[in-house]
2 protein chains.
Amino acid sequence: MKRHQVTIVDIAKALNLSKSTVSRALTGHPSVKEDTRQAVLELAEKMDYQRNMLAISLITRKTNTIGIIVPEFTSSYFPNVTIGAQEVASKAGYTTVICQSNESYETEVANTKVMLANQVDGILVSLSKETRNFDHLKIFQRKGIPIVFFNRVCDDMDVPKVIVDDFEGAFKAVSYLIEKGRKRIAHLSGPASLRISEKRLNGYKAALKKHNIPYDDSLVIPYDLNTDMVHIYVTHLLSLPQPPDAIFAISDPTAIEIIQVIKKKGLRVPEDIAVVGFSNDFASGLIHPSLTTVAQPVKDIGRTAAQLLIDQINRDLADWKSIIRVLKTELIVRESA
Amino acid sequence: MKRHQVTIVDIAKALNLSKSTVSRALTGHPSVKEDTRQAVLELAEKMDYQRNMLAISLITRKTNTIGIIVPEFTSSYFPNVTIGAQEVASKAGYTTVICQSNESYETEVANTKVMLANQVDGILVSLSKETRNFDHLKIFQRKGIPIVFFNRVCDDMDVPKVIVDDFEGAFKAVSYLIEKGRKRIAHLSGPASLRISEKRLNGYKAALKKHNIPYDDSLVIPYDLNTDMVHIYVTHLLSLPQPPDAIFAISDPTAIEIIQVIKKKGLRVPEDIAVVGFSNDFASGLIHPSLTTVAQPVKDIGRTAAQLLIDQINRDLADWKSIIRVLKTELIVRESA
DNA sequence: CTGTTAGCGCATTCAA
DNA sequence: TTGAATGCGCTAACAG
């Protein structure tokens, strides 16, 4: 099975033309006689000719490829973001290369090497929960390759970012719980390494404060997003002298797990304990009871990030740094609270 | 923001060596003095040097990239398959490029062009529901670029395929329903263009036959997998003179939609109507009632397909054609039936 | 309108 | 062990 590549030379020979003419015909250059172009195009089609992007990219120093690095693909969040990003990218003529870091710093670094080696024109990044050093990403800056962060952003770097208003989202969720009469609201928070954890926690605190509910340290548990452990935290919360009557979770997978645990313990959601999640995952509308959650405009996040990146690739502005797009969240009230 | 690429020449100059020596040092060629190698490696690191895979691939005629074309990313099925495939691929040193056809033939063709232009070493394909012409894929065969189909395969082409035993899966599901006392079992089937529709339908028929239940044409509805329309089919089935007491669905998203519709009509699942799905989507364990379904080893499908593809890329066997890996399904009994 | 020339960054002959 | 030369497939000047 030898791989024989059809090249411009083959077409040129067959048509007794020069390579450059064939090249021009193929790229739609106007300075080619219509007959010649037709002949070239026809033969190319018949010979299964496909432009070799490797060669073209090598010359033009542009691959028309953008890289996307996401932490995982297990919830519907990141797949949907990539769908949005691909939508915009492919419309603009860009191919997308997706890598998962699996929430591992090492893998994320490896991913960036791949992106660099493959000469992507720019990258979209959402950090792994382990990432605290950003040297591997700063290389892109030094090389002048545009980066756009989304969701899990890096505050250390002056590049465009697409986020949602995590503070406000959390604030709305917790305020809603309070207005529904909940008094002791626990918060299963994310790892301190992620800014989103902090922002959502702050929103939680602000909502309590506004409603004059004292902040109780023992009701807030930061965890590493490994849902296998959720049952421990929930058990702990429930065994408190004054157990919570509501739990606000950092994410939907977390909230879903919480509901399962509560149900297994014979308690009722929301009667005994209300639960609110974050992100409006696909699954959240399906579970029983269905999950009240803070919806994020996932596809829009992807679209916005991709558009920002492509703008940056095409134009050559110097003031990209300051751009931070903050998209709005929306509280979706369902059964769980 | 000019992009300045660090090249071998830069390193060579700085170290006063020849390009070839630097190149050899970088690629771990044994015929390089240890000192020289160290010096090169160190400087390369310091200069953020990254090999330009475009140039390398152009010479070696190998990109170490495999393409994956999937119909969609909306259920958890294809994301999980790609996770399995990426796992194997990256272990073998391959990068993965994923494209979605969005169930569109046109897009699928466009995707293959991208793969070809980017000189992928091989592709993994699951067909769109619209695809009936396979010329765009036969080009790969002609060019000697390995293809492996999975899930939605093409019977016209003699290439390796990874599938599950759809017939047996459907057979098990329907047999189970019958053994549970169901008499009138409807089947919401997939489009005739997909072989999996046919196989699952045959499994359904075989199970009926084995249990001496006459096949009733009016209980089988083929549909195009657009779940927006499911409520119409369910409504139709329920309004039949003799409505079904169970529905076997071609897929989990279908089954989930069916359950929602049934619940909305005030009927109970499984008391009034039992529902069984296919694939064991992430969501199926979470809905209420939880879905009884035929589980597919999704990640294994991805792993197997990727491994088959890589084997084919590396070795040069002629008898790949015959390989069809049939993985086993498993009936997961939950609440819905 | 078309042909000629010169590389893009690198691996790989062949010499030394 | 190292260096010089060749070319992967193609585009982009530069000429005619």
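Among A/Val125, A/Ile69, A/Ile147, the single residue meeting the side chain to side chain contact (heavy atoms under 4.5 Å, CB included) criterion with A/Thr112 is A/Ile69.
Evaluation of atom-type donor-acceptor distances gives a pair under 3.5 Å for the side chain of A/Ser20 against the base of C/dT4.
One can place NE2 of B/His29 at 9 Å from P of C/dT12, the figure rounded to the nearest angstrom. Atoms CZ (B/Arg24) and C1' (D/dG3) sit 8 Å apart, rounded to a whole Å. Spacing between atom NZ of A/Lys19 and atom C1' of C/dT2 amounts to 14 Å, rounded to whole angstrom units. For the pair B/Asn64 CG and C/dC10 C1', the computed distance is 15 Å after rounding to whole Å. The distance between atom CG of B/Leu58 and atom P of C/dG9, rounded to the nearest whole Å, is 12 Å.
Here A/Ser31 lies in heavy-atom contact (under 4.0 Å) with a base. Using a 4.0 Å heavy-atom distance criterion, B/Val32 is classed as a sugar-phosphate-only contact. Using a 4.0 Å heavy-atom criterion, one finds that B/Ser57 contacts no nucleic acid atom at all. Backbone-only engagement by A/Ile56 is indicated by non-hydrogen atom pairs under 4.0 Å involving sugar-phosphate atoms exclusively.
Sequence order on DNA chain C of the closest nucleotides to A/Thr21 and B/Arg51 puts A/Thr21 first from the 5' end.
Phosphate contact (OP1/OP2 of C/dT2, side-chain N/O of A/Thr36, threshold under 4.0 Å): present. One finds a side-chain N or O of A/Ser18 lying less than 4.0 angstrom from the OP1 or OP2 phosphate oxygen of C/dG3.
With C/dG3, C/dC8, C/dG9 as the choices, the nucleotide that has an atom nearest any side-chain atom of A/Ile59 turns out to be C/dC8.
Summarising the geometry of B/Tyr105 relative to B/Asn133, their closest heavy-atom pair is CE1-O, 3.6 Å, with the distance given to 0.1 Å.
In A/Glu45, the CD atom is not crowded: 12 or fewer heavy atoms of neighbouring residues, nucleotides or ligands sit closer than 6.0 Å.
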